[in-house]
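Reviewing the structure listed below.
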Amino acid sequence: MDPSSSDAPDGLAPSPAEAGVASWLRSATRVVVITGAGVSAESSIPTYRDKMEGLWASFDFRTLATPEAFSRDPETVSRWYDFRRTKCLEAEPNPGHIALARLEREIESRGGRFTLLTQNVDRLHQRAGSRHVVELHGNIIEWRCTTTGRRVAELPAPILEFPVASPWGGVLRPNVVWFGESLPEDAVATATRASQECDLFLSIGTSAVVYPAAGFIQLARAAGARTVEVNRDATPISGVVDAALVGRSGQILPRLVERAFSSKG
Ligand code: BV8
């Protein structure tokens, strides 16, 4: 199926490409979805591509999201993560998150398997009701002790000093995976197995350039799964997926799931 703009004529009825993907969703029994910042962008959380603003305008996230940056300047890195954590807590799940939670229920109610892999650290999928979420890059809500590895579910409010002192000595760090850090072994194992066994793999709102997360779609393709991309801009996988739906995740996802599973069929 050719890549096509998914701008449905009246904004409501799905385009032919969307109708095709909706039929794939209806017949799939083992579905994997991977999401990126383009899903949370619909909840006004800036993506990693977006230029950072205000206090952080002079920073590039890749220079802050590393263990080296944290050991070099724990105060600045902790302040940045606390700023982002607060934004995530203030954000609300959007129609795209809600559609993915419905998709999980629809697939599982038919006896199918559904796995949601996310690169996002904001936990909005869980707040939207998604249950089988694999956090490939951890989450920004929990922080953990750099001395004991023990986690804290939330930070003291207000934080009086950065870096944040740990109750167990030393300091706390966000429970995310930084560049140069390995992904959680259980997350990689679950993602690998689900990708190798699925019959439909959807990549949504991600630039598909950060590995090993960007590699799971290749496992799915190699295993014969149909692949779909839903993204605002072209990415390195746009030309190889079976269907590339171009547009906003918060608009396309609800249309897809409604078309696939509404009683009207
Ligand atoms: C690792 C948490 C082993 C922190 C993040 C090959 C194999 C293995 C590793 C590598 C490799 N090649 C290079 C590496 C190293 C590196 C890497 O991939 N680098 C890249 C830059 C080339 N990978 C790693 O370091 C990983 N670790 O491999 O361990 C190891 C160990 C030691 C040494 C080497 C290897 C760890 C990577 C995880 C880093 N942590 N996040 C935090 O959040 O602060 S990454 C972070 O950036 C995200 O989690 C995400 O993964 C990535 C950004 O990607 P997106 O989510 O896609 O967001 P982005 O802004 O880029 O794009 C948004 C997209 O949405 C756009 O396409 C846009 O068009 C679209 N969009 C926007 N709005 C909308 C929309 N679409 C729809 N609707 C909209 N409204």
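Indexing begins at 1, ligand by ligand and atom by atom, following the structure's order. Just so you know, these numbers come straight off a predicted model, no measurement behind them.
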| Can you tell me which residue and heavy atom of the protein come closest to atom 79 (C) of ligand 1, and the distance to 0.1 Å? | Gly38 O, 3.2 Å

| Which ligand 1 atoms, with their elements, are less than 4.0 angstrom from a heavy-atom of Glu42? | 79 (C), 80 (N)

| Identity and distance of the protein heavy atom lying nearest atom 48 (C) of ligand 1 | Tyr48 CE1, 3.6 Å

| query | Should the pair Phe61 and Phe179 be assigned to parallel (<30°), tilted (30 to 60°) or perpendicular (>60°) ring geometry? | reply | tilted

| query | Remaining members of Ile45's ILVMFWY cluster at a side-chain heavy-atom cut-off under 4.5 Å? | reply | Leu124

| ligand 1 to Ala37 polar contact by distance, N or O atoms, under 3.5 Å | yes

| query | Which ligand 1 atoms are under 4.0 Å away from a heavy-atom of Val209? | reply | 20 (C), 22 (C)

| request: Say whether Thr235, considering both its backbone and side-chain N or O atoms, lies within less than 3.5 Å of an N or O atom on ligand 1. | output: no

| If you look only at pairs with a residue in residues 103-116, which of them pass as a side-chain hydrogen bond (donor to acceptor under 3.5 Å, both in side chains), with sequence neighbours excluded? | Arg102-Glu106, Glu106-Arg110, Glu108-Arg131, Glu108-His132, Arg113-Glu197

| request: Just jot down the ligand 1 atoms closer than 4.0 angstrom to any heavy atom of Gly247, in number order. | output: 77 (C), 78 (N)

| query | Should the pair Asp82-Arg79 be classified as a salt bridge under the 4.0 Å nitrogen-to-oxygen rule? | reply | no

| request: Could you walk me through whether Tyr81 and Leu172 pass side-chain contact (heavy atoms from CB on, under 4.5 Å), step by step? | output: CA-CA 11 Å; Tyr81 275 93; Leu172 296 178; over 6 Å; no

| query | For ligand 1, which atoms, with element, lie under 4.0 Å from some heavy atom of Tyr81? | reply | 4 (C), 42 (C), 44 (O)

| How close does the nearest protein non-hydrogen atom get to atom 31 (C) of ligand 1, and which residue and atom is it? | Gly180 O, 3.3 Å

| field | Any N/O pair Ala208/ligand 1 closer than 3.5 Å | value | no

| task | Looking only at protein heavy atoms, identify the closest one to atom 67 (O) of ligand 1 and say how far it is in Å. | result | Asn231 ND2, 3.0 Å

| message | Starting from atom 37 (C) of ligand 1, what is the nearest protein heavy atom, named by residue and atom, and what distance separates them? | response | Val210 CG1, 3.7 Å

| request: Could you tell me the residue and atom name of the protein heavy atom closest to atom 51 (O) of ligand 1, and the distance to it rounded to 0.1 Å? | output: Gln119 OE1, 2.7 Å

| said: Checking contacts now, so for atom 34 (C) of ligand 1, which I'm interested in, is there any protein heavy atom under 4.0 Å? | reply: no

| message | Less than 4.0 Å is my threshold; does some heavy atom of Pro212 fall inside it relative to ligand 1? | response | yes

| query | Hey, is atom 15 (C) of ligand 1 touched by any protein heavy atom at less than 4.0 Å? | reply | no

| note | Note: ligand 1 atoms sitting under 4.0 Å from heavy atoms of Thr206 are 55 (P), 57 (O), 64 (C), 65 (O), 67 (O)

| said: Quick check on contacts: which atoms of ligand 1 are under 4.0 angstrom from a heavy atom of Phe61? | reply: 47 (O)

| Which ligand 1 atoms are under 4.0 Å away from a heavy-atom of Arg84? | 42 (C), 43 (O), 44 (O)

| query | So is Arg248 polar-close to ligand 1, meaning N/O to N/O under 3.5 Å? | reply | no

| query | Should Trp178 be counted as touching ligand 1, given the test is an N or O pair under 3.5 Å? | reply | no

| query | In ligand 1, which numbered atoms sit nearer than 4.0 Å to a non-hydrogen atom of Glu181? | reply | 1 (C), 26 (C), 27 (N), 29 (O), 36 (C)

| remark: If you scan protein heavy atoms around atom 21 (C) of ligand 1, the nearest is Arg62 NE, 3.5 Å

| Heavy-atom contact under 4.0 Å between Gly96 and ligand 1? | no

| said: Which residue and atom name correspond to the protein heavy atom nearest atom 24 (C) of ligand 1, and how close is it? | reply: Tyr211 O, 3.6 Å

